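Heads up, the thing below is written out as structure tokens.
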Amino acid sequence: QVQLVESGGGLVQAGGSLRVSCAASGRTSDTHAMGWFRQAPGKEREFVSAINWSGLRTIYADSVKGRFSISRDTNKNTMYLQMNSLKPEETDVYYCAAGRSESASSRDYEYDYWGRGTQVTVSS
């Protein structure tokens, strides 16, 4: 079993920056690709970004390209999402996900483990 714990969420003004982290523990050898998703109440979960095991391949939703940056530290079993130029409509709960696949994916069903999320609130 793998446990994922997000941290770093909070309140930021529009145009500001925030970095969220995801720490993995347990059978981390079962996890390869990792990703970030977000969801607001009453809305569907939305893909944000993903990274493969080596960290050499990353993918982003079109809406965040050029503003968000995903990375991971395999020694620390931690993944990060640096978010810049945040917009009020990006107020969501941000979820970390990890999967057995080696390929970064935007499809939530390809991830096997999920964190409980961290709230990001962007004020206008």
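Worth saying up front: this structure is predicted, and the values here are computed from it rather than measured. Side-chain atoms are counted along with the backbone in the values below, which use heavy atoms only and exclude waters and symmetry mates.
Between the side chain of Thr118 and the backbone N or O of Tyr94 there is no donor-acceptor pair closer than 3.5 Å. For Ser85 (side chain) and Gly15 (main-chain N/O), no donor-acceptor pair under 3.5 Å exists by modelled atom type. Judged purely by atom type and a 3.5 angstrom limit, Arg72 uses its side chain to pair as donor or acceptor with the backbone of Asn52.
Residues Leu18 and Gly10 approach most closely at CD2-N, 3.8 Å, considering heavy atoms. The two residues Ser21 and Thr78 have their closest heavy-atom pair at CB-CG2, 4.3 Å. Closest non-hydrogen pair, Pro88 versus Ser124, comes out as CG-CB, 3.8 Å. Residues Glu46 and Ser63 approach most closely at OE2-OG, 4.1 Å, considering heavy atoms.
Considering Arg45, Lys87, Arg38, Lys43 in turn, Arg38 is the only one that fulfils the salt bridge (charged side-chain N to carboxylate O under 4.0 Å, His left out) rule with Asp92.
How far CG of Asp62 is from CZ of Phe47: 10.0 Å, rounded to the nearest 0.5 Å. Atom CD of Gln82 is separated from atom OG of Ser69 by 7.5 Å, given to the nearest 0.5 angstrom. Once rounded to the nearest 0.5 Å, the distance linking CD1 of Ile51 with CH2 of Trp36 reads 11.5 Å. To the nearest 0.5 Å, atoms OG (Ser106) and OH (Tyr60) are separated by 14.0 Å. The line from OH of Tyr111 to OG of Ser101 is 8.0 Å long, rounded to the nearest 0.5 Å. One distance of note links CD of Gln1 with CG of Asp112; it measures 10.0 Å at 0.5 Å rounding.
No continuous path of hydrophobic side-chain contacts links Val120 to Tyr80 [ILVMFWY only; heavy atoms under 4.5 Å]. Under the 4.5 Å side-chain heavy-atom criterion for Ile, Leu, Val, Met, Phe, Trp and Tyr, Val12 and Leu81 are members of the same hydrophobic cluster. Cluster annotation: Phe37 and Met34 are assigned to distinct hydrophobic clusters (Ile/Leu/Val/Met/Phe/Trp/Tyr, side-chain heavy-atom contacts under 4.5 Å, transitive). Linking Ile, Leu, Val, Met, Phe, Trp and Tyr residues whenever their side-chain heavy atoms come within less than 4.5 Å places Val122 and Phe68 in a single cluster.
Counting heavy atoms from C-beta on, the side chains of Val48 and Met83 never come closer than 4.5 Å. A 4.5 Å side-chain heavy-atom check between Val93 and Gln39 finds every atom pair outside the cut-off.
Using a 3.5 Å distance cut-off with no hydrogens or angles, the side chains of Asn84 and Ser17 do pair a donor with an acceptor.
Shown here is Gln119, whose CD atom has more than 12 heavy atoms of other residues, nucleotides or ligands within 6.0 Å.
A perpendicular orientation is assigned to the rings of Trp114 and Tyr95, their planes being inclined by more than 60° (bins at 30° and 60°).
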